[in-house]
Amino acid sequence: MRVLIVGSGGREHALAWAIAASPLCEDLHAAPGNAGMAGVAQCHDIAATDQAGLIDLCWGQSIDFVVIGPEEPLVLGLADALREAGIRVFGPSAAAARLEGSKAWMKDFCTRHAIPTAAYHCFSDCQAALAFIEGRDVPLVIKTDGLAAGKGVTIATDKAMAREAVIQNMEDQRFGAAGNTIIIEDYLPGEEVSFFALLDGDHALALAAAQDHKRLGEGDSGPNTGGMGAYSPPPCFDQDLQDQVMATIIAPVLNGMRAEGHPYQGVLFAGLMIVDGVPKLLEYNIRFGDPECQVLLARLRSDLLTALLTVEEGGLDHFDLRWSEEAALCVVMAARGYPGMYEKNMPIDGVETAAAAPDVEIFHAATLRDDQGRLRANGGRVLGVTACGPDLSAARTKAYQAVEQIDWPDGIYRRDIGWRALEPDKNKKGDGS
Ligand code: AMP
Ligand code: GLY
């Protein structure tokens with residue numbers, strides 16, 4: 001089977017790594033891909049949002065199956081366009097992708113289907129939003145309705161901050177039209193967990209849970225990022241919680257989307273807050289998490305491609321997945337300055353040596369090779385150094401040993417990935433972030 005992976009981040013490298021190992025995969029392609037993916041796939045310089053270009057590529061390369069990694073092409077309807085062109089695809093339709101593409105739509109869906117989530121109000125009028133804030137207690141959570149590259153959420157600890165977030169969205173148009181509507185919701189304190197399930201339109205199959213570190217700084221301080229590290233399984237998440245999540249947060253999407261005429265096919269990522277032992281939904285994402293995907297796939301022992309094909313064909317009710325008993329942990333290395341301004345093109349050495357250690361995989365998130373074949377940074381989050389071990393502590397030790405072998409003076413990384421699981425009392429900020 002000839003497979004195309006759409007995207008160029010660490011998540012897509014992890015997908016490529018797992019799919020390349022499948023006995024069903026004869027030939028693997030990526031668009032646009034990155035220098036790491038080029039080790040297992042033929043990369044094509046076509047943007048993930050270029051629908052016509054991708055369809056041409058599929059025809060030109062006789063692609064049998066497309067796996068779409070990021071949210072933006074899904075929200076823009078890439079899965080629909082491929083299906084219309086007769087190409088098999090893993091990923092939800094644009095109608096189903098509204099679960100991530102519009103937070104206001106998602107919250108209304110939660111109301112329609114009694115999904116436990118924070119109380120909320122939607123606004124498309126700035127003055128009404130500002131007036132609402134005056135009558136509420138802080139903290140308040142202000143969310144941009146549309147896609148905002150992970151920057152559309154403000155946890156406002158005072159009213160001035162809440163007002164500023166409203167004005168940035170609605171008057172200053174910081175996120176363009178995505179901020180014309182905003183959601184103001186109650187703050188939920190608790191332990192945050194990322195949970196993943198596969199849905200084939202009629203059945204749901206639990207994957208696994210992970211925790212990521214969204215903040216740039218150690219002790220979970222500083223600005224929000226796409227994720228500076230992740231680990232799986234999270235010790236705070238047991239089978240009872242998983243059963244609750246499947247029943248109260250995943251099944252309502254399966255049934256609700258089907259009832260509304262848009263069956264959900266793909267991976268569903270539920271961003272959860274565990275509040276006093278009860279899982280509440282913060283957000284749905286319509287894709288794998290990044291870097292959660294890296295640790296999930298490091299633990300998966302079944303064939304990923306077969307699972308993704310089953311999502312597309314139907315039949316998840318007869319499908320079972322095997323997971324390693326081991327733990328996995330991923331340390332993200334980013335360019336100095338990220339998530340603000342950073343330089344590109346800085347050389348990185350030692351990656352091959354670091355990756356040669358047993359139980360270590362280095363997933364590239366934004367790399368390219370120069371004319372001499374030397375690896376260079378090409379974005380904010382650049383590498384995801386991932387290791388497995390008998391427990392989280394062992395996985396962490398191996399991951400940081402690998403990080404130390406990477407020679408990249410302009411790279412930054414957190415030294416405390418996994419602290420919530422391994423030293424829960426050490427850095428506690430108590431802000432649930
Ligand atoms: P989202 O993009 O909705 O996941 O929000 C980004 C981050 O903001 C989440 O990962 C949480 O850490 C935090 N967050 C979002 N909504 C809430 C909420 N209602 N209460 C507490 N924290 C939240
Ligand atoms: N790591 C969080 C996300 O992928 O949205």
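Counting starts at 1 for both ligands and their atoms, following the listed order. Worth saying up front: this structure is predicted, and the values here are computed from it rather than measured.
- Nearest to atom 8 (O) of ligand 1 by heavy atom, out of Leu188, Val153, Val275, is Val153.
- One option in Ile155, Thr144, Ile184 has a heavy atom closer to atom 22 (N) of ligand 1 than any other, and that option is Ile155.
- The part of Glu292 lying near ligand 2 is the side chain, judged by heavy-atom distances below 4.0 Å.
- The aromatic rings of His29 and His44 sit parallel, their planes meeting at an angle under 30°, below the 60° perpendicular limit.
- Nearest to atom 12 (O) of ligand 1 by heavy-atom distance, out of Arg215, Glu192, Glu283, Met273, is Glu192.
- Between Trp105 and Phe109, the ring planes are parallel. Angles under 30° get that label, and only those over 60° would be called perpendicular.
- Residue Gly226 approaches ligand 2 through these ligand atoms, each under 4.0 Å from one of its heavy atoms: 1 (N), 2 (C).
- Contact annotation for Arg287 and ligand 2: only side-chain heavy atoms (C-beta onward) come within less than 4.0 Å of the ligand.
- The nearest heavy-atom contact from the protein to atom 2 (C) of ligand 2 is Asp212 OD2, 3.4 Å.
- At least one N/O-N/O distance between Lys143 and ligand 1 falls below 3.5 Å.
- Counting heavy atoms under 4.0 Å from ligand 2, residue Phe288 does not touch it at all.
- For the pair Phe269 and ligand 2, the shortest N or O to N or O distance does not fall below 3.5 Å.
- Judged by the 6.0 Å distance and 45° axis criteria, Arg336 is not positioned over the aromatic ring of Tyr338.
- In summary, the atoms of ligand 1 found under 4.0 Å from a heavy atom of Glu185, numbered by their order in the structure, are 16 (N), 17 (C), 18 (C), 19 (N).
- Every atom of ligand 2 is numbered from 1 in the order shown, and the set under 4.0 Å from a heavy atom of Gly289 is 4 (O).
- Shown here is Glu325, whose CD atom has no more than 12 heavy atoms of other residues, nucleotides or ligands within 6.0 Å.
- By the 6.0 Å and 45° rule, Arg215 does not stack over the aromatic ring of Trp419.
- Using a 4.0 Å heavy-atom cutoff, Asn224 is absent from the residues neighbouring ligand 1.
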Next item on the list: Given ring-ring contact (aromatic ring centres under 6.0 Å, His included), test His213 with Tyr231 step by step and report yes or no.
Entry: CA-CA 9 Å; His213 292 269; Tyr231 49 94; 5.8 Å; yes
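- Each of the following atoms of ligand 1 lies closer than 4.0 Å to a heavy atom of Lys214: 10 (O).
- Residue Asp320 places its CG atom among 12 or fewer non-hydrogen atoms of other residues, nucleotides or ligands, all under 6.0 Å distant.
- A salt bridge between Glu292 and Arg11 is absent, with no side-chain N of the basic residue lying under 4.0 Å from a carboxylate O of the acidic one.
- Ion pair Glu192/Arg420 not flagged as a salt bridge, since none of the NZ, NE, NH1 or NH2 atoms sits closer than 4.0 Å to an Asp/Glu carboxylate oxygen.
- Note: His121 and Phe132 have tilted aromatic rings, judged against thresholds of 30 and 60 degrees for the angle between ring planes.
- Close contacts of ligand 1 with Asp186, meaning ligand atoms under 4.0 Å from a residue heavy atom, involve 18 (C), 19 (N).
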